[in-house]
Amino acid sequence: MKSDITKKGLERATHRALYHSMGHSRDDLKKPLIGIVNSFNESMPGHVHLNAITRAVRDGILAAGGNPIEFPTIGICDGIAQGNFGMHFPLASRELIADTIETMMEAHSYDAMVMVTNCDKITPGMLMAAVRINVPAIIVSGGPMATGCAKGKSIGYTDLMATQGKVAKNEMTDEELAELEACALPGAGACNLLGTANSMNFLTEGLGMCLPGSAVPAVTGQRIALAKKSGEMIMELYRQQITPRQIVTKKALENAIALDMAIGGSSNTVLHLTALAYEADIDFDVRIFDEMAPKIPHLVKMRPAENGHYPEDVHHAGGIAAVLNRLVKLGLIHEDAMTVTARSMGDTVRNVEVINPEVIRPLENAYSKTGGLKLVFGNLAPGGAVCKLAAVNPAMHVHRGPARVFDQEEPAVAAIYGGRIKPGDVVVVRYEGPKGGPGMREMLTPTVAIVGMGLGKEVGLITDGRFSGATSGAAIGHISPEAADGGPLALVEEGDMISFDIPKGVLTLEVAEEELAKRRAAWKKPPSKMPKHSYLARYSKMVSSAMDGAVFKVDED
């Protein structure tokens, strides 16, 4: 056992005494020490119930002969941080989460770990830590939130966002909005849409790093039972010494991308899967998303996609395992990829059938024959950009219009709600990338404003920031190089014509190269927005491009 270094031998008497002082018996110390990373906090609905999940994990570990030891990590609610200064921190927190887990696991030499998670950056951070540490590990998510109900109709996060524009246009009262606020999010769980939280939890199942059941609703007995089973399963993974790097392989990443395309996941998945590949030392070219997209049909449509289903509908339709089974039958999944079930992906999902073909569609009734994410390149994004094509109205697949330029999010939102953005415009929000933000804020608020103001079929938005999984509309993000690195986005001026063809993957600034050269010569990097001692100031100096996963890259000698 790895933990023997802290438990055995004459020179470890004080170590054993420290464990005894916490209530561990001599017999307890003969068992493998299993770290439980519990990201419970009272800051977010996705995590407020995780203590109950963790207790079930603990019960499973004890029943299977392990000694569970719980410790925390941080978690930020993107929804609460959304649209304000707080949004500088969520992406940056992903690195802190991975680092703190590594620190705790390595400092205490635990033998394996179960990671209890749920939301946007916590799940990716835990996956990154898992492959970095590479002891047997399993992810347990808190599950998606139930669907809300207002006046007899289903309602969720994205439905509520759409009403904000109605209030701004005096088509709905503040009182009517307040009624919806009380109903849209009915309890604990990852918000009831295919945002980054549920996207990453579902993709964790596609990677093989959690047991089947990622779509099981948060506040159910099934979720508790799944957590207990995961606690039992970590002991089997320990006994067989099946580690994350045996599971998170190039084949597993391709399986996750196939699932991502089939369900139309958040554009942030490009960011996180790329970062995971970097942590796992896997040779990974982000263009694989474009290579795979033409082969993967879009089989499941969830909110924020127009007329999409809710996450619990997918559970009732057979769950993510049923989607994977359908992809297996289409020959689009590497069946031999290992999973935390200690079996291959093919064996794991083989007997899970689709219950509702209206929610999980067959190939002949697919929403489209190609996947829901699209990479975009051009003279405005030579390093690439990302668009969630599944959430773009076909009327905006191709567009050309004048640039309306904003150097950060807040003035853009004010202009949209103030009626200063007109049909045909292309809103440019820059200096919001990983370095320039710093922290690569989500541009959910401006995209919600565009849709809410009735401009979703007439106005595009491009940014070096990123988007929430809740974003809909013609929104192109992750533009690289970012403006703070002197990328072409920094050279755009008010009124410049910008065109894009999302299905073809082209984004163009219609300005002559001679003029751009003049602007480039005159450009000066703006000063940092953060105090010099801030974590974000350090983050901005260390973080890589969004299209490289926004990771901390270490120069190798």
Side-chain angles (χ1 to χ4, degrees), residues 78-79 82-84 87 156-172 177 193-195 264 266-268 303-308 374 376 380 385-432 440-479 489 492 494-502 507:
D78 282 47
Q82 191 66 244
N84 58 67
M87 185 43 72
Y157 193 99
T158 50
D159 306 290
L160 181 61
M161 291 191 304
T163 64
Q164 294 172 189
K166 292 182 179 180
V167 174
K169 293 189 294 182
N170 295 315
E171 295 176 2
M172 179 181 284
L177 177 60
L193 76 161
L194 191 60
S266 164
S267 58
N268 282 321
R303 303 297 176 101
E306 191 173 357
N307 299 317
K374 181 66 182 173
V376 178
L380 197 46
V386 181
C387 179
K388 186 174 178 177
L389 181 59
V392 181
N393 187 288
M396 286 298 292
H397 282 182
V398 179
H399 182 75
R400 180 177 184 269
R404 306 298 308 280
V405 183
F406 303 92
D407 285 350
Q408 64 183 93
E409 174 187 8
E410 287 81 357
V413 173
I416 297 164
Y417 278 131
R420 300 195 299 278
I421 302 301
K422 306 300 181 185
D425 287 348
V426 177
V427 177
V428 175
V429 184
R430 63 189 179 189
Y431 297 109
E432 291 284 13
M440 201 179 182
R441 291 197 291 176
E442 285 183 349
M443 299 295 110
L444 175 60
T445 302
T447 58
V448 167
I450 288 170
V451 173
M453 293 298 285
L455 298 170
K457 297 179 182 180
E458 300 171 292
V459 169
L461 186 147
I462 64 172
T463 181
D464 51 8
R466 59 193 176 86
F467 296 113
S468 164
T471 290
S472 62
I476 300 172
H478 302 207
I479 289 179
L489 195 66
V492 180
E494 187 80 8
D496 286 348
M497 295 303 294
I498 292 175
S499 61
F500 54 77
D501 185 324
I502 298 172
L507 174 63

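Positions are given from 1 along the sequence.
Nearest heavy-atom pair across Leu489 and Val429 is CD2-O, 4.3 Å. What you find for Ala385 and Ile479 is that their closest heavy atoms are CB-CG1, 3.8 Å. Considering all non-hydrogen atoms of both residues, Phe467 and Ser266 come closest at O-OG, 4.5 Å. In terms of heavy-atom proximity, Gly424 sits nearest to Pro402 at O-CD, 3.7 Å. Looking at every heavy atom in both residues, Glu442 comes nearest to Asn268 through OE2-ND2, 3.5 Å. Taking both residues in full, the closest heavy atoms of Pro423 and Val459 are given as CA-CG2, 4.2 Å, listed atom of the first, atom of the second, then distance.
Residue Asp425 holds its CG atom at 10.0 Å from CD1 of Ile416, rounded to the nearest 0.5 Å. Note that the OG1 atom of Thr463 and the OH atom of Tyr431 stand 12.0 Å from one another [nearest 0.5 Å]. For the atom pair CD (Glu458) and CD1 (Ile421), the distance works out to 13.0 Å, reported to the nearest 0.5 Å. Atom CD1 of Ile462 sits about 10.0 Å away from atom CZ of Arg430, to the nearest 0.5 Å. For the atom pair Lys457 NZ and Met396 CE, the distance stands at 11.5 Å (nearest 0.5 Å). Interatomic distance, CG of Leu194 versus CZ of Arg303, reported as 12.5 Å (0.5 Å rounding).
In summary, of the residues considered (Glu409, Met87, Glu410), a side-chain contact (heavy atoms from CB on, under 4.5 Å) with Thr445 occurs for Glu409 alone.
Formation of a donor-acceptor pair under 3.5 Å by the Asp464 side chain with backbone atoms of Glu432 is found in this model. For Arg420 (side chain) and Ala412 (main-chain N/O), no donor-acceptor pair under 3.5 Å exists by modelled atom type.
Side chains of Leu389 and His397 form a contact here, defined as non-hydrogen atoms less than 4.5 Å apart. In this structure, the side chains of Arg400 and Ile498 stay at 4.5 Å or more apart for every pair of heavy atoms. Side-chain contact between Val492 and Leu380: present, with at least one pair of heavy atoms (C-beta onward) separated by less than 4.5 Å. The closest side-chain heavy-atom distance from Leu507 to Ile502 is not below 4.5 Å. With contacts defined as side-chain heavy-atom distances shorter than 4.5 Å, the pair Arg404/Glu494 qualifies. In this structure the side chain of Pro446 never reaches within 4.5 angstrom of the side chain of Val427, judged on heavy atoms.
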Run the side chain to side chain contact (heavy atoms under 4.5 Å, CB included) test on Phe500 and Val376 for me, step by step, so that the C-alpha distance in whole Å, both residues' side-chain angles and the decisive distance to 0.1 Å come before the verdict.
CA-CA 9 Å; Phe500 54 77; Val376 178; 5.7 Å; no

Begin from the C-alpha positions of Leu177 and Leu160 and carry the test side chain to side chain contact (heavy atoms under 4.5 Å, CB included) through to its verdict.
CA-CA 8 Å; Leu177 177 60; Leu160 181 61; 3.9 Å; yes

